[in-house]
Amino acid sequence: MARNIQTVVDTLMLRVRQEGGIALDSDVATEVYSRCEQVTNAALKRVLASGSFTVLAATLLYSYRTQLTKAIEIVDVETSTREIPESQRFADFSAYELAWYGNVTGTRTESWAQRGRDILVLYPGLASGTTVTVKYVKLIDLYTTYASVAAVNSELPDEDVDIALALAELTFLLRFRLLDKIPQRFESIIKLLQHRGFEL
Amino acid sequence: MTRAELKTFAAKLTALASNATSLDTFVDDVFNELQIRDDAQMVKNLSKLVTAGTATYAYESDMLRIVEALYDDELLSETLKEAISAYDVGWIDNSGTPVAITQDETDARNYTLFPKPDTTETKLHLIYADDRSTDILDIFALPISLDALRREFAYPSAHADLEAAKNYDNLAKLFYALLGYK
């Protein structure tokens with residue numbers, strides 16, 4: 001069951017509350033938690049989306065976020081009939097042909113690669129345009145005010161909400177200089193991440 | 001998000017006194033240092049006209065580091081001038097189809113093609129990390145801000161706090177690791 005973000009932010013504010021200390025603005029708490037959700041998803045790749053991607057004739061390089069505005073990492077490219085294999089590095093395209101970047105008369109996309117979080121390469125360039133389906137890690141929506149999340153549920157699975165919450169808690173413990181609490185919290189978040197299979 | 005929004009967010013992560021001017025500068029420094037790494041994640045591409053007989057070109061105004069270079073239809077190897085000299089001591093006079101690029105020598109704002117091109121054409125294709133002020137992915141806000149705050153509290157000042165700086169450093173490193181930086 002998806003967890004309501006405002007309720008999670010309430011929990012965060014309780015966890016970092018200190019008697020006689022500096023009050024935590026609920027909007028700031030919401031924004032930091034929301035950004036922690038975004039990073040959690042970028043790391044664990046839990047919330048995915050897919051979209052149709054227009055492949056232009058004679059073009060290999062694309063700034064993929066112009067078409068997929070919420071994409072932060074490509075995880076799969078496919079057509080209606082087959083999955084297209086990924087090339088980890090540009091140099092791997094040489095296995096298809098040495099002059100791979102010059103091939104702009106292909107009949108179907110053979111492989112793909114990404115560079116950074118902006119550039120997608122589809123090899124070879126095609127003689128005529130088409131579309132492929134791109135599956136990607138989604139940039140989770142950002143919320144910056146407490147009021148805006150009153151009726152919004154987290155897109156993250158419940159177990160990953162705990163990771164985002166722990167990251168936000170750590171950030172605020174540091175903000176309020178509650179330094180003695182940080183080592184234990186740090187250790188617990190490392191364990192949480194390792195239980196999710198994330199290698200640090 | 002924009003660079004200005006990033007700076008505003010960084011300031012929200014400290015409840016104690018800091019210097020807004022220096023914090024802004026540290027955000028810029030952290031951003032640029034992140035972008036000159038080999039594993040830079042914010043990149044763009046450009047096709048460039050090269051001139052016959054000219055080996056060295058200036059970086060574009062927004063260019064911080066070239067991460068991939070292709071000439072015509074092949075990937076250029078990134079190398080050092082010493083390595084090229086070992087291959088051919090007379091390389092500086094050679095011209096032909098470039099096969100290698102060097103960008104860390106003579107001048108940090110230049111790059112050199114080897115051998116120098118023998119035709120004037122738009123055949124050089126670069127993917128490079130840039131010093132963008134807009135279109136910064138939201139996921140970078142936390143690590144960049146925390147890293148900037150680490151610097152803010154580490155330098156000698158009335159608000160210096162080395163213990164806090166160390167913790168900002170640890171937390172920034174955790175966020176960097178989550179985003180795939182080694």
* Asked: For chain B, which residues of residues 112-126 of chain A have at least one non-hydrogen atom nearer than 4.5 Å to it?
  -> Arg115(A), Gly116(A), Arg117(A), Asp118(A), Ile119(A)
* Asked: Non-hydrogen atoms of chain B under 4.5 Å away: do they reach the side chain of Ile190(A), the backbone, both or neither?
  -> side chain
* Please state whether the side chain, the backbone, both or neither of Leu173(A) comes within less than 4.5 Å of a heavy atom of chain B. => neither
* Side chain, backbone, both or neither of Ile182(A) within contact of chain B (heavy atoms, under 4.5 Å) -> side chain
* Contacting moiety of Leu137(B), where chain A heavy atoms sit under 4.5 Å -> side chain
* Asked: Within residues 60-68 of chain B, which positions have a heavy-atom distance to chain A below 4.5 Å?
  -> Val67(B), Glu68(B)
* Sort Phe186(A) into side chain, backbone, both or neither according to what part of it lies under 4.5 angstrom from a heavy atom of chain B. => side chain
* Sequence neighbours excluded, which residues qualify as side-chain hydrogen bond (donor to acceptor under 3.5 Å, both in side chains) partners of Thr119(B)? -> Glu121(B)
* Asked: Which bit of Leu61(A) is near chain B, if near means a heavy-atom gap under 4.5 Å: side chain, backbone, both or neither?
  -> side chain
* Side chain to side chain, Leu174(B) and Leu167(A), heavy atoms closer than 4.5 Å -> yes
* Hey, are Arg177(A) and Asp161(B) close enough for a salt bridge, meaning a charged N less than 4.0 Å from a carboxylate O? -> yes
* Asked: Does atom NZ of Lys166(B) have more than 12 heavy-atom neighbours from other groups under 6.0 Å away?
  -> no
* Within residues 75-108 of chain A, which positions have a heavy-atom distance to chain B below 4.5 Å? -> Phe90(A), Ala91(A), Leu98(A), Ala99(A), Trp100(A), Tyr101(A), Gly102(A)
